[in-house]
Participant: 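Sharing a structure here in C-alpha coordinates format.
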Amino acid sequence: MDVRVQSEPFDAGALLNDFSAGHKDVGAIVSFTGIVRDVADGLRSMEIEHYPGMTTKAIETIAADAMARWELTDVLIIHRYGALTAGEQIMMVATASAHRSAAFEAADFLMDYLKSRAPFWKKETTEKSASWVAAKNDDEAALDRWS
Amino acid sequence: MDVRVQSEPFDAGALLNDFSAGHKDVGAIVSFTGIVRDVADGLRSMEIEHYPGMTTKAIETIAADAMARWELTDVLIIHRYGALTAGEQIMMVATASAHRSAAFEAADFLMDYLKSRAPFWKKETTEKSASWVAAKNDDEAALDRWS
Amino acid sequence: MIDVMYFAWVRERIGLPTEQIETSAQTVADLVAELRAKEERYDAAFADITALRVAVDQELADFDAPLAGVREVAFFPPMTGG
Amino acid sequence: MIDVMYFAWVRERIGLPTEQIETSAQTVADLVAELRAKEERYDAAFADITALRVAVDQELADFDAPLAGVREVAFFPPMTGG
(Lines give C-alpha, C1' and ligand atoms only; values in the text may rest on other atoms or scores of the structure.)
Protein backbone atom coordinates (compact mmCIF):
# COMPACT_ATOMS: atom_id res chain seq x y z
CA MET A 1 0.00 0.00 0.00
CA ASP A 2 1.39 3.38 -0.97
CA VAL A 3 -0.27 6.58 0.26
CA ARG A 4 1.15 10.00 -0.53
CA VAL A 5 -0.17 13.42 0.41
CA GLN A 6 1.84 16.16 -1.22
CA SER A 7 1.68 19.64 -2.72
CA GLU A 8 4.02 18.81 -5.63
CA PRO A 9 2.69 17.64 -9.01
CA PHE A 10 3.10 13.95 -9.79
CA ASP A 11 3.76 11.99 -12.97
CA ALA A 12 0.74 9.70 -13.33
CA GLY A 13 2.29 7.68 -16.16
CA ALA A 14 5.54 7.01 -14.32
CA LEU A 15 3.60 6.08 -11.19
CA LEU A 16 1.36 3.72 -13.17
CA ASN A 17 4.40 2.00 -14.65
CA ASP A 18 6.12 1.68 -11.28
CA PHE A 19 2.91 0.34 -9.78
CA SER A 20 2.52 -2.25 -12.56
CA ALA A 21 6.14 -3.42 -12.52
CA GLY A 22 7.06 -6.68 -10.94
CA HIS A 23 3.62 -8.19 -10.29
CA LYS A 24 3.36 -11.52 -12.13
CA ASP A 25 0.31 -12.55 -10.11
CA VAL A 26 -1.69 -9.52 -11.24
CA GLY A 27 -4.03 -9.62 -14.21
CA ALA A 28 -5.70 -6.24 -13.91
CA ILE A 29 -4.64 -2.72 -13.06
CA VAL A 30 -7.13 0.14 -12.88
CA SER A 31 -6.11 3.75 -12.43
CA PHE A 32 -8.13 6.89 -11.86
CA THR A 33 -6.70 10.37 -12.30
CA GLY A 34 -8.62 13.43 -11.15
CA ILE A 35 -7.96 16.68 -12.99
CA VAL A 36 -8.88 20.27 -12.12
CA ARG A 37 -11.61 21.31 -14.53
CA ASP A 38 -12.06 24.81 -15.78
CA VAL A 39 -15.33 26.52 -14.76
CA ALA A 40 -17.73 28.87 -16.54
CA ASP A 41 -16.30 32.07 -15.06
CA GLY A 42 -12.71 31.04 -15.74
CA LEU A 43 -10.85 29.29 -12.93
CA ARG A 44 -7.98 31.30 -11.55
CA SER A 45 -7.04 28.71 -8.97
CA MET A 46 -8.28 25.73 -7.00
CA GLU A 47 -7.00 25.78 -3.44
CA ILE A 48 -7.07 22.45 -1.63
CA GLU A 49 -6.93 22.68 2.14
CA HIS A 50 -6.33 19.59 4.24
CA TYR A 51 -5.93 18.48 7.85
CA PRO A 52 -2.29 17.41 8.02
CA GLY A 53 -2.55 15.41 11.25
CA MET A 54 -5.45 13.37 9.95
CA THR A 55 -5.12 13.11 6.16
CA THR A 56 -2.65 10.27 5.73
CA LYS A 57 -4.22 8.19 8.50
CA ALA A 58 -7.71 8.68 7.04
CA ILE A 59 -6.55 7.64 3.57
CA GLU A 60 -4.69 4.61 4.92
CA THR A 61 -7.86 3.52 6.69
CA ILE A 62 -9.82 3.82 3.43
CA ALA A 63 -7.14 1.86 1.55
CA ALA A 64 -7.08 -0.85 4.24
CA ASP A 65 -10.89 -1.13 3.99
CA ALA A 66 -10.57 -1.68 0.24
CA MET A 67 -7.87 -4.32 0.70
CA ALA A 68 -10.00 -6.14 3.28
CA ARG A 69 -13.00 -6.06 0.99
CA TRP A 70 -11.47 -7.11 -2.35
CA GLU A 71 -8.62 -9.41 -3.30
CA LEU A 72 -6.13 -6.71 -4.13
CA THR A 73 -2.42 -7.14 -4.60
CA ASP A 74 -1.69 -3.46 -4.13
CA VAL A 75 -3.21 -0.01 -3.81
CA LEU A 76 -1.72 3.38 -4.62
CA ILE A 77 -3.28 6.70 -3.56
CA ILE A 78 -1.83 10.15 -4.16
CA HIS A 79 -3.65 13.33 -3.24
CA ARG A 80 -2.34 16.85 -3.60
CA TYR A 81 -3.08 19.95 -1.53
CA GLY A 82 -2.27 23.61 -2.11
CA ALA A 83 -2.97 25.84 -5.11
CA LEU A 84 -3.72 24.18 -8.44
CA THR A 85 -4.83 25.50 -11.81
CA ALA A 86 -7.12 24.09 -14.51
CA GLY A 87 -5.69 21.02 -16.20
CA GLU A 88 -3.50 20.04 -13.24
CA GLN A 89 -3.81 16.57 -11.75
CA ILE A 90 -5.29 16.62 -8.23
CA MET A 91 -5.14 12.98 -7.31
CA MET A 92 -4.71 9.45 -8.51
CA VAL A 93 -5.64 6.00 -7.31
CA ALA A 94 -4.48 2.68 -8.73
CA THR A 95 -5.55 -0.84 -7.83
CA ALA A 96 -3.94 -4.17 -8.78
CA SER A 97 -5.74 -7.49 -8.65
CA ALA A 98 -5.85 -10.92 -10.22
CA HIS A 99 -9.45 -10.07 -11.09
CA ARG A 100 -10.73 -7.30 -13.28
CA SER A 101 -13.95 -6.67 -11.37
CA ALA A 102 -12.08 -6.37 -8.06
CA ALA A 103 -9.69 -3.81 -9.53
CA PHE A 104 -12.56 -1.75 -10.98
CA GLU A 105 -14.83 -1.89 -7.94
CA ALA A 106 -12.04 -1.12 -5.49
CA ALA A 107 -10.92 1.94 -7.49
CA ASP A 108 -14.52 3.19 -7.60
CA PHE A 109 -14.89 2.55 -3.85
CA LEU A 110 -11.66 4.40 -3.08
CA MET A 111 -12.86 7.42 -5.05
CA ASP A 112 -16.22 7.50 -3.24
CA TYR A 113 -14.53 7.40 0.14
CA LEU A 114 -11.75 9.84 -0.70
CA LYS A 115 -14.42 12.30 -1.77
CA SER A 116 -16.40 12.17 1.48
CA ARG A 117 -14.12 10.75 4.17
CA ALA A 118 -10.65 12.17 3.56
CA PRO A 119 -10.15 15.64 5.10
CA PHE A 120 -9.75 17.79 2.00
CA TRP A 121 -11.69 20.93 1.12
CA LYS A 122 -11.66 22.64 -2.25
CA LYS A 123 -11.98 26.36 -2.79
CA GLU A 124 -12.45 27.71 -6.30
CA THR A 125 -11.30 31.19 -7.18
CA THR A 126 -12.66 32.39 -10.53
CA GLU A 127 -12.25 35.70 -12.29
CA LYS A 128 -15.43 36.81 -10.48
CA SER A 129 -15.49 35.25 -7.04
CA ALA A 130 -14.09 32.73 -4.57
CA SER A 131 -16.13 29.98 -2.95
CA TRP A 132 -15.79 26.69 -1.16
CA VAL A 133 -16.96 23.75 -3.22
CA ALA A 134 -20.06 22.30 -1.56
CA ALA A 135 -20.31 18.56 -0.97
CA LYS A 136 -23.10 17.02 -3.01
CA ASN A 137 -25.87 14.92 -1.51
CA ASP A 138 -24.85 12.41 -4.15
CA ASP A 139 -21.41 12.07 -2.58
CA GLU A 140 -22.90 10.81 0.65
CA ALA A 141 -25.45 8.65 -1.17
CA ALA A 142 -22.62 7.08 -3.17
CA LEU A 143 -21.25 5.52 0.02
CA ASP A 144 -24.48 3.56 0.47
CA ARG A 145 -23.57 1.57 -2.61
CA TRP A 146 -20.87 -0.14 -0.56
CA SER A 147 -22.78 -0.92 2.63
CA MET B 1 -10.78 7.98 -30.47
CA ASP B 2 -7.52 6.04 -30.75
CA VAL B 3 -7.59 2.30 -31.54
CA ARG B 4 -4.40 0.31 -32.00
CA VAL B 5 -3.95 -3.38 -32.71
CA GLN B 6 -0.30 -4.37 -32.59
CA SER B 7 2.11 -7.15 -31.71
CA GLU B 8 4.68 -4.80 -30.13
CA PRO B 9 4.69 -4.04 -26.39
CA PHE B 10 3.39 -0.62 -25.36
CA ASP B 11 4.29 1.83 -22.60
CA ALA B 12 1.09 2.20 -20.56
CA GLY B 13 2.45 5.10 -18.52
CA ALA B 14 3.55 7.12 -21.54
CA LEU B 15 0.21 6.42 -23.24
CA LEU B 16 -1.70 7.50 -20.14
CA ASN B 17 0.23 10.76 -20.00
CA ASP B 18 -0.29 11.44 -23.71
CA PHE B 19 -3.97 10.64 -23.34
CA SER B 20 -4.32 13.00 -20.36
CA ALA B 21 -2.42 15.89 -21.90
CA GLY B 22 -4.23 18.88 -23.23
CA HIS B 23 -7.76 18.21 -21.98
CA LYS B 24 -8.86 21.10 -19.77
CA ASP B 25 -12.49 20.06 -19.97
CA VAL B 26 -11.79 16.63 -18.51
CA GLY B 27 -12.14 15.92 -14.80
CA ALA B 28 -11.65 12.17 -14.79
CA ILE B 29 -9.44 9.67 -16.52
CA VAL B 30 -9.76 5.94 -15.94
CA SER B 31 -7.33 3.40 -17.33
CA PHE B 32 -7.37 -0.38 -17.34
CA THR B 33 -4.30 -2.46 -18.11
CA GLY B 34 -4.56 -6.21 -18.66
CA ILE B 35 -1.50 -8.29 -17.84
CA VAL B 36 -0.66 -11.92 -18.69
CA ARG B 37 -0.93 -13.89 -15.47
CA ASP B 38 1.22 -16.88 -14.67
CA VAL B 39 -0.67 -20.17 -14.27
CA ALA B 40 -0.30 -23.16 -11.93
CA ASP B 41 1.73 -25.29 -14.35
CA GLY B 42 4.03 -22.42 -15.29
CA LEU B 43 3.13 -20.39 -18.35
CA ARG B 44 5.60 -20.76 -21.20
CA SER B 45 3.67 -18.44 -23.50
CA MET B 46 0.30 -16.91 -24.20
CA GLU B 47 -0.43 -16.79 -27.93
CA ILE B 48 -3.09 -14.29 -29.00
CA GLU B 49 -4.61 -14.96 -32.39
CA HIS B 50 -6.81 -12.37 -34.06
CA TYR B 51 -8.79 -11.75 -37.24
CA PRO B 52 -6.86 -8.95 -38.93
CA GLY B 53 -9.60 -7.88 -41.34
CA MET B 54 -12.14 -7.53 -38.55
CA THR B 55 -10.29 -6.59 -35.37
CA THR B 56 -9.83 -2.84 -35.74
CA LYS B 57 -13.35 -2.35 -37.11
CA ALA B 58 -14.88 -4.39 -34.30
CA ILE B 59 -13.00 -2.40 -31.65
CA GLU B 60 -13.91 0.92 -33.26
CA THR B 61 -17.57 -0.10 -33.17
CA ILE B 62 -17.29 -0.91 -29.46
CA ALA B 63 -15.54 2.41 -28.78
CA ALA B 64 -18.20 4.32 -30.75
CA ASP B 65 -20.92 2.57 -28.75
CA ALA B 66 -19.26 3.73 -25.53
CA MET B 67 -18.95 7.31 -26.81
CA ALA B 68 -22.62 7.32 -27.81
CA ARG B 69 -23.65 5.99 -24.43
CA TRP B 70 -21.58 8.16 -22.08
CA GLU B 71 -20.34 11.75 -22.24
CA LEU B 72 -16.75 10.92 -23.06
CA THR B 73 -14.14 13.32 -24.32
CA ASP B 74 -11.89 10.56 -25.59
CA VAL B 75 -11.27 6.83 -25.66
CA LEU B 76 -8.03 4.90 -26.13
CA ILE B 77 -7.88 1.16 -26.81
CA ILE B 78 -4.73 -0.86 -27.46
CA HIS B 79 -4.76 -4.62 -27.85
CA ARG B 80 -1.80 -6.82 -28.67
CA TYR B 81 -1.64 -10.09 -30.57
CA GLY B 82 1.15 -12.65 -30.98
CA ALA B 83 3.23 -14.44 -28.35
CA LEU B 84 3.36 -12.98 -24.85
CA THR B 85 4.86 -14.19 -21.59
CA ALA B 86 3.73 -13.83 -17.95
CA GLY B 87 3.88 -10.25 -16.70
CA GLU B 88 3.54 -8.72 -20.16
CA GLN B 89 0.79 -6.19 -20.83
CA ILE B 90 -1.86 -7.51 -23.22
CA MET B 91 -4.10 -4.53 -23.58
CA MET B 92 -5.12 -1.18 -22.23
CA VAL B 93 -8.17 1.03 -22.34
CA ALA B 94 -8.47 4.62 -21.15
CA THR B 95 -11.51 6.87 -20.93
CA ALA B 96 -11.69 10.63 -20.36
CA SER B 97 -14.79 12.44 -19.17
CA ALA B 98 -15.97 15.46 -17.24
CA HIS B 99 -17.67 12.97 -14.94
CA ARG B 100 -16.08 10.29 -12.83
CA SER B 101 -18.92 7.78 -13.09
CA ALA B 102 -18.97 8.04 -16.89
CA ALA B 103 -15.22 7.38 -17.09
CA PHE B 104 -15.48 4.35 -14.78
CA GLU B 105 -18.58 2.84 -16.38
CA ALA B 106 -17.33 3.32 -19.92
CA ALA B 107 -13.99 1.64 -19.13
CA ASP B 108 -15.82 -1.29 -17.55
CA PHE B 109 -18.17 -1.49 -20.56
CA LEU B 110 -15.24 -1.44 -23.00
CA MET B 111 -13.57 -4.31 -21.18
CA ASP B 112 -16.75 -6.42 -21.19
CA TYR B 113 -17.18 -5.92 -24.92
CA LEU B 114 -13.53 -6.37 -25.82
CA LYS B 115 -13.62 -9.68 -23.99
CA SER B 116 -16.60 -11.09 -25.90
CA ARG B 117 -16.98 -9.08 -29.08
CA ALA B 118 -13.50 -8.35 -30.39
CA PRO B 119 -12.01 -11.19 -32.46
CA PHE B 120 -9.14 -12.34 -30.25
CA TRP B 121 -8.45 -15.87 -29.03
CA LYS B 122 -5.94 -16.81 -26.35
CA LYS B 123 -3.94 -20.00 -26.27
CA GLU B 124 -1.93 -20.87 -23.18
CA THR B 125 1.15 -23.04 -23.45
CA THR B 126 2.38 -24.26 -20.08
CA GLU B 127 5.26 -26.58 -19.22
CA LYS B 128 2.75 -29.45 -19.47
CA SER B 129 0.26 -28.67 -22.21
CA ALA B 130 -1.23 -26.19 -24.64
CA SER B 131 -4.89 -25.21 -24.71
CA TRP B 132 -7.24 -22.53 -25.96
CA VAL B 133 -8.66 -20.39 -23.19
CA ALA B 134 -12.41 -21.07 -22.99
CA ALA B 135 -14.83 -18.16 -22.84
CA LYS B 136 -16.70 -18.07 -19.54
CA ASN B 137 -20.48 -17.99 -19.30
CA ASP B 138 -19.86 -14.96 -17.10
CA ASP B 139 -18.33 -13.11 -20.02
CA GLU B 140 -21.55 -13.31 -21.97
CA ALA B 141 -23.66 -12.60 -18.88
CA ALA B 142 -21.56 -9.49 -18.23
CA LEU B 143 -22.89 -7.93 -21.43
CA ASP B 144 -26.44 -8.08 -20.04
CA ARG B 145 -25.42 -5.47 -17.48
CA TRP B 146 -25.36 -2.93 -20.29
CA SER B 147 -28.60 -3.77 -22.08
CA MET C 1 -16.49 -18.06 -54.62
CA ILE C 2 -16.43 -17.25 -50.91
CA ASP C 3 -13.34 -16.86 -48.73
CA VAL C 4 -13.87 -19.06 -45.71
CA MET C 5 -11.66 -18.46 -42.68
CA TYR C 6 -11.07 -20.43 -39.51
CA PHE C 7 -9.60 -19.22 -36.24
CA ALA C 8 -8.28 -20.71 -33.00
CA TRP C 9 -9.18 -24.39 -32.44
CA VAL C 10 -11.48 -24.40 -35.49
CA ARG C 11 -8.45 -23.56 -37.61
CA GLU C 12 -6.38 -26.23 -35.88
CA ARG C 13 -9.06 -28.90 -36.22
CA ILE C 14 -9.68 -28.21 -39.90
CA GLY C 15 -5.99 -27.79 -40.51
CA LEU C 16 -5.96 -24.59 -42.51
CA PRO C 17 -6.60 -20.89 -41.86
CA THR C 18 -8.49 -20.00 -45.03
CA GLU C 19 -9.77 -21.46 -48.27
CA GLN C 20 -11.82 -20.40 -51.25
CA ILE C 21 -15.04 -22.31 -51.63
CA GLU C 22 -17.31 -22.58 -54.67
CA THR C 23 -20.76 -22.83 -53.17
CA SER C 24 -24.40 -22.25 -53.92
CA ALA C 25 -25.32 -22.30 -50.21
CA GLN C 26 -28.08 -19.82 -49.41
CA THR C 27 -27.19 -19.33 -45.74
CA VAL C 28 -24.31 -19.84 -43.35
CA ALA C 29 -26.07 -22.97 -42.05
CA ASP C 30 -26.21 -24.36 -45.60
CA LEU C 31 -22.50 -23.69 -45.99
CA VAL C 32 -21.80 -25.49 -42.72
CA ALA C 33 -23.79 -28.50 -43.94
CA GLU C 34 -21.76 -28.53 -47.18
CA LEU C 35 -18.49 -28.34 -45.28
CA ARG C 36 -19.48 -31.12 -42.86
CA ALA C 37 -20.32 -33.41 -45.77
CA LYS C 38 -16.91 -32.73 -47.31
CA GLU C 39 -14.52 -34.41 -44.89
CA GLU C 40 -14.36 -35.93 -41.42
CA ARG C 41 -12.24 -33.06 -40.00
CA TYR C 42 -14.90 -30.51 -41.03
CA ASP C 43 -17.62 -32.70 -39.59
CA ALA C 44 -15.73 -32.83 -36.28
CA ALA C 45 -15.06 -29.08 -36.21
CA PHE C 46 -18.71 -28.21 -36.82
CA ALA C 47 -20.22 -31.00 -34.68
CA ASP C 48 -21.39 -28.62 -31.95
CA ILE C 49 -22.55 -25.45 -33.62
CA THR C 50 -23.40 -23.83 -30.24
CA ALA C 51 -19.66 -23.79 -29.50
CA LEU C 52 -19.03 -21.67 -32.62
CA ARG C 53 -19.47 -18.12 -33.73
CA VAL C 54 -19.60 -16.79 -37.28
CA ALA C 55 -18.71 -13.51 -38.94
CA VAL C 56 -20.07 -12.60 -42.37
CA ASP C 57 -18.02 -10.01 -44.24
CA GLN C 58 -16.17 -9.26 -41.00
CA GLU C 59 -19.21 -8.65 -38.85
CA LEU C 60 -20.71 -11.03 -36.30
CA ALA C 61 -23.75 -12.80 -37.73
CA ASP C 62 -26.19 -15.62 -37.09
CA PHE C 63 -26.02 -19.06 -38.67
CA ASP C 64 -29.17 -18.30 -40.64
CA ALA C 65 -27.58 -15.22 -42.24
CA PRO C 66 -27.97 -15.20 -46.08
CA LEU C 67 -24.86 -15.56 -48.23
CA ALA C 68 -26.02 -13.65 -51.33
CA GLY C 69 -23.27 -11.22 -52.30
CA VAL C 70 -21.07 -12.24 -49.37
CA ARG C 71 -17.31 -12.41 -49.94
CA GLU C 72 -15.97 -13.65 -46.63
CA VAL C 73 -17.24 -15.98 -43.91
CA ALA C 74 -15.26 -16.78 -40.77
CA PHE C 75 -15.83 -19.47 -38.15
CA PHE C 76 -14.34 -19.38 -34.69
CA PRO C 77 -14.99 -20.17 -31.01
CA PRO C 78 -16.34 -17.51 -28.62
CA MET C 79 -13.81 -14.72 -28.39
CA THR C 80 -11.46 -14.37 -25.45
CA GLY C 81 -9.95 -10.93 -25.78
CA GLY C 82 -9.25 -8.39 -23.08
CA MET D 1 -6.61 22.12 27.50
CA ILE D 2 -7.87 20.97 24.15
CA ASP D 3 -6.51 21.97 20.76
CA VAL D 4 -9.46 23.10 18.68
CA MET D 5 -8.98 23.33 14.92
CA TYR D 6 -11.08 24.84 12.17
CA PHE D 7 -10.93 24.14 8.46
CA ALA D 8 -12.30 25.64 5.23
CA TRP D 9 -15.13 28.15 5.69
CA VAL D 10 -15.36 27.37 9.42
CA ARG D 11 -11.77 28.59 9.75
CA GLU D 12 -12.53 31.67 7.66
CA ARG D 13 -15.70 32.53 9.59
CA ILE D 14 -14.04 32.13 12.98
CA GLY D 15 -10.92 33.84 11.73
CA LEU D 16 -8.27 31.45 13.00
CA PRO D 17 -7.07 27.93 12.20
CA THR D 18 -6.47 26.64 15.71
CA GLU D 19 -6.63 27.64 19.35
CA GLN D 20 -6.13 26.09 22.75
CA ILE D 21 -9.25 26.02 24.88
CA GLU D 22 -9.59 25.48 28.60
CA THR D 23 -12.85 23.64 28.95
CA SER D 24 -14.77 21.34 31.21
CA ALA D 25 -17.18 20.36 28.42
CA GLN D 26 -18.19 16.71 28.63
CA THR D 27 -19.02 16.26 24.94
CA VAL D 28 -18.38 17.86 21.59
CA ALA D 29 -21.89 19.34 21.73
CA ASP D 30 -21.08 20.95 25.09
CA LEU D 31 -17.91 22.42 23.61
CA VAL D 32 -19.89 23.82 20.69
CA ALA D 33 -22.31 25.46 23.14
CA GLU D 34 -19.39 27.03 25.02
CA LEU D 35 -17.86 28.34 21.82
CA ARG D 36 -21.16 29.77 20.57
CA ALA D 37 -21.59 31.68 23.83
CA LYS D 38 -18.10 33.15 23.47
CA GLU D 39 -18.45 35.45 20.49
CA GLU D 40 -20.74 36.31 17.60
CA ARG D 41 -18.38 34.84 14.96
CA TYR D 42 -18.43 31.45 16.72
CA ASP D 43 -22.20 31.64 17.06
CA ALA D 44 -22.46 32.27 13.32
CA ALA D 45 -20.03 29.49 12.39
CA PHE D 46 -21.86 26.90 14.48
CA ALA D 47 -25.39 28.13 13.72
CA ASP D 48 -26.24 25.13 11.52
CA ILE D 49 -24.61 22.10 13.06
CA THR D 50 -25.94 19.82 10.29
CA ALA D 51 -23.60 21.65 7.89
CA LEU D 52 -20.59 20.67 10.02
CA ARG D 53 -18.50 17.60 10.68
CA VAL D 54 -16.24 16.96 13.63
CA ALA D 55 -13.10 14.92 14.20
CA VAL D 56 -11.98 13.94 17.70
CA ASP D 57 -8.29 13.13 18.01
CA GLN D 58 -8.07 13.04 14.20
CA GLU D 59 -10.92 10.59 13.65
CA LEU D 60 -14.43 11.41 12.47
CA ALA D 61 -16.84 11.48 15.40
CA ASP D 62 -20.37 12.45 16.37
CA PHE D 63 -21.35 15.62 18.18
CA ASP D 64 -22.25 13.59 21.27
CA ALA D 65 -18.73 12.11 21.46
CA PRO D 66 -17.21 12.43 24.97
CA LEU D 67 -14.20 14.70 25.47
CA ALA D 68 -12.56 12.92 28.44
CA GLY D 69 -8.86 12.49 27.65
CA VAL D 70 -9.23 14.10 24.25
CA ARG D 71 -6.39 16.33 23.01
CA GLU D 72 -7.66 17.58 19.65
CA VAL D 73 -11.06 18.47 18.23
CA ALA D 74 -11.53 19.74 14.67
CA PHE D 75 -14.59 21.32 13.06
CA PHE D 76 -15.11 21.53 9.31
CA PRO D 77 -17.69 21.33 6.53
CA PRO D 78 -18.35 18.04 4.68
CA MET D 79 -15.18 17.03 2.89
CA THR D 80 -14.70 17.55 -0.81
CA GLY D 81 -11.66 15.52 -1.74
CA GLY D 82 -11.08 13.37 -4.79
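In what follows, every chain begins at residue 1, and chains take the letters A, B, ... in the order their sequences are listed. The analysis underlying the following values was restricted to heavy atoms, covering all of them including side chains, and did not include hydrogens, waters or symmetry mates.
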Participant: Heavy-atom count check: over 12 atoms from other residues, nucleotides or ligands less than 6.0 Å from D/Arg71 CZ?
Facilitator: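 Check fails, neighbour count at 12 or below.
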Participant: About how many Å separate CE of A/Met54 and CZ of D/Phe76, when rounded to the nearest 0.5 Å?
Facilitator: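 Here the rounded value is 5.0 Å.
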Participant: What residue in D/Ala55, D/Ala51, D/Gly81 has the most heavy-atom pairs under 4.5 Å with chain A?
Facilitator: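 Greatest number of close heavy-atom pairs with chain A: D/Gly81.
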Participant: Between A/Lys122 and D/Gly82 (side chain of the first, backbone of the second, donor and acceptor by atom type, cut-off under 3.5 Å), is there such a pair?
Facilitator: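 Checked: pair present.
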Participant: Are there more than 12 heavy atoms of other residues, nucleotides or ligands under 6.0 Å from atom CD of D/Glu59?
Facilitator: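 No, the 6.0 Å shell around CD holds no more than 12 heavy atoms from other groups.
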Participant: Please state whether the side chain, the backbone, both or neither of A/Lys57 comes within less than 4.5 Å of a heavy atom of chain D.
Facilitator: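 It is the side chain, since no backbone atom gets that close.
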Participant: Using a 4.5 angstrom heavy-atom cutoff, name the option from A/Tyr113, A/Tyr81, A/Trp121 with the most pairs to chain D.
Facilitator: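 It is A/Trp121.
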Participant: Could you pull out the closest heavy-atom pair between D/Phe7 and A/Pro52, with the gap in Å?
Facilitator: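 Scanning both residues, the minimum pair turns out to be CE2-CD, 4.5 Å.
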Participant: Would you compute the distance between atom OG1 of D/Thr80 and atom CD of A/Glu49 and round it to the nearest 0.5 angstrom?
Facilitator: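 Result: 9.5 Å between the selected atoms.
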Participant: More than 12 heavy atoms of other residues, nucleotides or ligands under 6.0 Å from NZ of D/Lys38: yes or no?
Facilitator: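 Yes, because the 6.0 Å sphere around NZ of D/Lys38 holds more than 12 heavy atoms from other groups.
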Participant: With A/Arg44, which residues qualify under salt bridge (Lys or Arg N to Asp or Glu O under 4.0 Å), at least two apart?
Facilitator: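 A/Glu127.
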Participant: Does a side-chain heavy-atom distance below 4.5 Å link D/Glu12 with A/Trp132?
Facilitator: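 Contact flag for D/Glu12/A/Trp132 side chains = yes.
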Participant: Evaluate the side-chain proximity of A/Tyr51 to D/Gln58: yes if any heavy-atom separation is below 4.5 Å, no if none is.
Facilitator: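 Yes. Closest side-chain heavy atoms under 4.5 Å.
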Participant: Based on non-hydrogen pairs under 4.5 Å, which of A/Lys123, A/Met111, A/Glu140, A/Lys136 is most in contact with chain D?
Facilitator: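 Heavy-atom pairs under 4.5 Å are most numerous for A/Lys123.
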Participant: So what's closer than 4.5 Å to chain A heavy atoms on D/Arg53: side chain, backbone, both or neither?
Facilitator: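 No part of it gets close to chain A.
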Participant: Would you find more than 12 non-hydrogen atoms of other residues, nucleotides or ligands less than 6.0 Å from A/Asn137 atom CG?
Facilitator: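 No, because the 6.0 Å sphere around CG of A/Asn137 holds 12 heavy atoms or fewer from other groups.
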Participant: Which answer fits A/Arg80, side chain, backbone, both or neither, if we ask what part of it has an atom under 4.5 Å from a heavy atom of chain D?
Facilitator: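 No part of it gets close to chain D.
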Participant: Quick check on A/Ala118 against chain D: is it the side chain, the backbone, both or neither that has a heavy atom closer than 4.5 Å?
Facilitator: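 Answer is backbone: N, CA, C or O of A/Ala118 sit under 4.5 Å from chain D.
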Participant: With respect to chain D, which residue among A/Gly34, A/Ala134, A/Gly53, A/Ser131 yields the maximal number of heavy-atom pairs within a distance under 4.5 Å?
Facilitator: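 It is A/Gly53.
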Participant: Using a cut-off of 6.0 Å, state whether more than 12 heavy atoms not belonging to A/Glu71 lie near its atom CD.
Facilitator: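 Counting neighbours around CD of A/Glu71, 12 or fewer heavy atoms of other residues, nucleotides or ligands fall under 6.0 Å, so no.
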